[in-house]
Amino acid sequence: VIPTENFLALAAVLFAIGLAGVLVRRSALIVLMGVELMLNAANLTLLAFARARGDMRGHAIAFFVIATAASEAAVGLAILVGIFRTRRTANLDEVNLMKH
Amino acid sequence: VSVDGPLVLFWVFAVGAVLGAIATVTRRNPVVAVVCLVGTFFCLAVEFLLLYASFLAAIQVLVYAGAIMVLFVFVVMVVNRAETEPFWHVSGPVTKLAAVAAVLVLMVRGWPALVAPPERQAAVITSEFGTVSGVGQILLGELVFPFEVVSILLLIAVVGSLVVARQHHDKDRERESPAP
């Protein structure tokens, strides 16, 4: 049996990589991919604890996370397309209309 | 030497997932990033299988590596701009300090939690564990209300993204060529 800590460490590494992508990159697409990566790391944690405790409710919550991630991606990408249509950019630093 | 098969699988696909994730956040070309992310999701699906989560592994491949990434590919086709600026040019000293502080806090607070011996209780893994039947019993039993809320959330997201992304022909025409 693989120790639960292995999965937790893998999830932590993936979460950190996703967070770095969200913080460092300016392409809105890559930022959204970083968010998906972080959501997947959270899912891995949920499933690891579900196995450690023998409790399938973690699986149900991971299922909800996937559904929420799908709607997040749909809405986020729609906003991205809308921004690109009016401003011709996918660079998050240039999307500062609400600042001024 | 006895080889622990599942552990070997874990390490192979863990390394694959981490490499894919690093490639995803460092590529300039968004198409390459999407392909790397799909690879990461496949590796994660294998990790889910190693956690006896067969239903979630199938959902991971179908929904994540399938549907969500296809959505990304379509948007990449619309917004095909490779990033030209350097990555590591972060906005200012405050951002840099915040990033360093965040990493430090994560390491200091997170590391003990990772290496601490977890409570060893004998988890009962039944043959139903993680299957469609087992998870379905919970989704349509104890958690039926959140399940229905998520379905409404998906409906709202679909309608909302259609409204946001659809072309507003009349308004655009008015803005571009005002009445003479």
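Labels below follow one simple rule: chain letters A, B, ... track the order of the sequence lines, proteins then strands, and each chain is numbered from 1. Quick caveat, the model's predicted, so the values are computed rather than measured.
- The minimum heavy-atom distance linking A:Met56 with B:Gly134 is given by the pair SD-C, 3.6 Å.
- No side-chain donor-acceptor contact under 3.5 Å links A:Arg51 to the backbone of B:Phe129.
- B:Phe147 and A:Phe64 have tilted rings, their planes meeting at an angle from 30° to 60° on a 0 to 90° scale.
- For the options B:Val150, B:Ile59, B:Thr24, B:Val75, heavy-atom pairs under 4.5 Å to chain A are most numerous at B:Val75.
- By the rule that hydrophobic residues join a cluster once side-chain heavy atoms approach within less than 4.5 Å of another member, A:Leu80 and B:Val73 end up as members of one cluster.
- Looking at B:Val158, there are no atoms closer than 4.5 Å to chain A (heavy atoms on both sides), in backbone or side chain.
- Residue B:Leu7 touches chain A through both its backbone and its side chain, counting heavy-atom pairs closer than 4.5 Å.
- Separating the OG atom in A:Ser71 from the CD1 atom in B:Ile152 is a distance of 12.5 Å, to the nearest 0.5 Å.
- In terms of modelled atom types and a separation under 3.5 Å, the side chain of B:Arg27 and the main chain of A:Ile30 share no donor-acceptor contact.
- From B:Phe72, atom CZ reaches atom CG of A:Leu77 across 5.0 Å, with rounding to the nearest 0.5 Å.
- With a 4.5 angstrom heavy-atom cutoff, A:Leu14 touches chain B only via side-chain atoms.
- For chain B, the nearby parts of A:Leu32 are the backbone and the side chain; heavy atoms of each come within less than 4.5 Å.
- Linking ILVMFWY side-chain heavy atoms closer than 4.5 Å, directly or via other members, places B:Val79 and A:Val35 in a single hydrophobic cluster.
- Only the side chain of B:Leu37 comes within contact range of chain A, judged by heavy atoms closer than 4.5 Å.
- Following chains of ILVMFWY side-chain contacts shorter than 4.5 Å, one cannot reach A:Phe63 starting from B:Leu49, and the two form parts of different hydrophobic clusters.
- Using a 4.5 Å cut-off between heavy atoms, A:Leu29 contacts chain B through both its backbone and its side chain.
- Side-chain atoms of A:Met33 and B:Val25, non-hydrogen and from C-beta on, never get closer than 4.5 Å to each other.
- With respect to chain B, the highest number of heavy-atom pairs below 4.5 Å among A:Val13, A:Val81, A:Leu44 belongs to A:Leu44.
- A:Ala60 and B:Ile138 get closest at one heavy-atom pair: CB-CG2, 3.9 Å.
- For A:Ala20, no part lies under 4.5 angstrom from a heavy atom of chain B.
- There is no contact between B:Gln137 and chain A, counting heavy-atom distances below 4.5 Å.
- Both A:Ile17 and B:Trp11 belong to a single network of hydrophobic side chains, linked directly or stepwise wherever heavy atoms of I, L, V, M, F, W or Y lie under 4.5 Å apart.
- In this structure, the portion of B:Val63 lying under 4.5 Å from any heavy atom of chain A is its side chain and not its backbone.
- Using a 4.5 Å cut-off between heavy atoms, B:Leu50 touches chain A through backbone and side chain atoms alike.
- Heavy-atom pairs under 4.5 Å with chain B peak, among A:Ile66, A:Leu47, A:Leu10, A:Asn40, at A:Asn40.
- For A:Glu72, no part lies under 4.5 angstrom from a heavy atom of chain B.
- Ranked by heavy-atom pairs under 4.5 Å with chain B, the first of A:Gly34, A:Gly82, A:Ala48 is A:Ala48.
- Heavy-atom pairs under 4.5 Å with chain A peak, among B:Val78, B:Leu162, B:Leu9, B:Leu139, at B:Leu139.
- Hydrophobic clustering (side-chain heavy atoms under 4.5 Å, transitive across Ile, Leu, Val, Met, Phe, Trp, Tyr) groups B:Val132 together with B:Leu140.
- Smallest separation of non-hydrogen atoms from A:Ala73 and B:Ile68: CB-CG2, 3.8 Å.
- In this structure, the portion of B:Leu44 lying under 4.5 Å from any heavy atom of chain A is its side chain and not its backbone.
- The two atoms that bring A:Ala74 and B:Leu71 nearest to each other are CA-CD2, 3.7 Å, heavy atoms only.
- Ranked by non-hydrogen atom pairs under 4.5 Å with chain A, the options B:Phe74, B:Phe48, B:Tyr52 are led by B:Phe48.
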Can A:Leu39 and B:Tyr64 be said to form a side-chain contact (heavy atoms from CB on, under 4.5 Å), step by step?
CA-CA 11 Å; A:Leu39 287 167; B:Tyr64 253 118; 3.8 Å; yes
Stepwise side-chain contact (heavy atoms from CB on, under 4.5 Å) check, B:Val164 with A:Val75:
CA-CA 8 Å; B:Val164 171; A:Val75 175; 5.7 Å; no
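- Looking at B:Val18, the atoms closer than 4.5 Å to chain A (heavy atoms on both sides) sit in the backbone and in the side chain alike.
- Contacts of B:Thr40 with chain A are made by side-chain atoms alone, with heavy-atom separations under 4.5 Å and no backbone atom involved.
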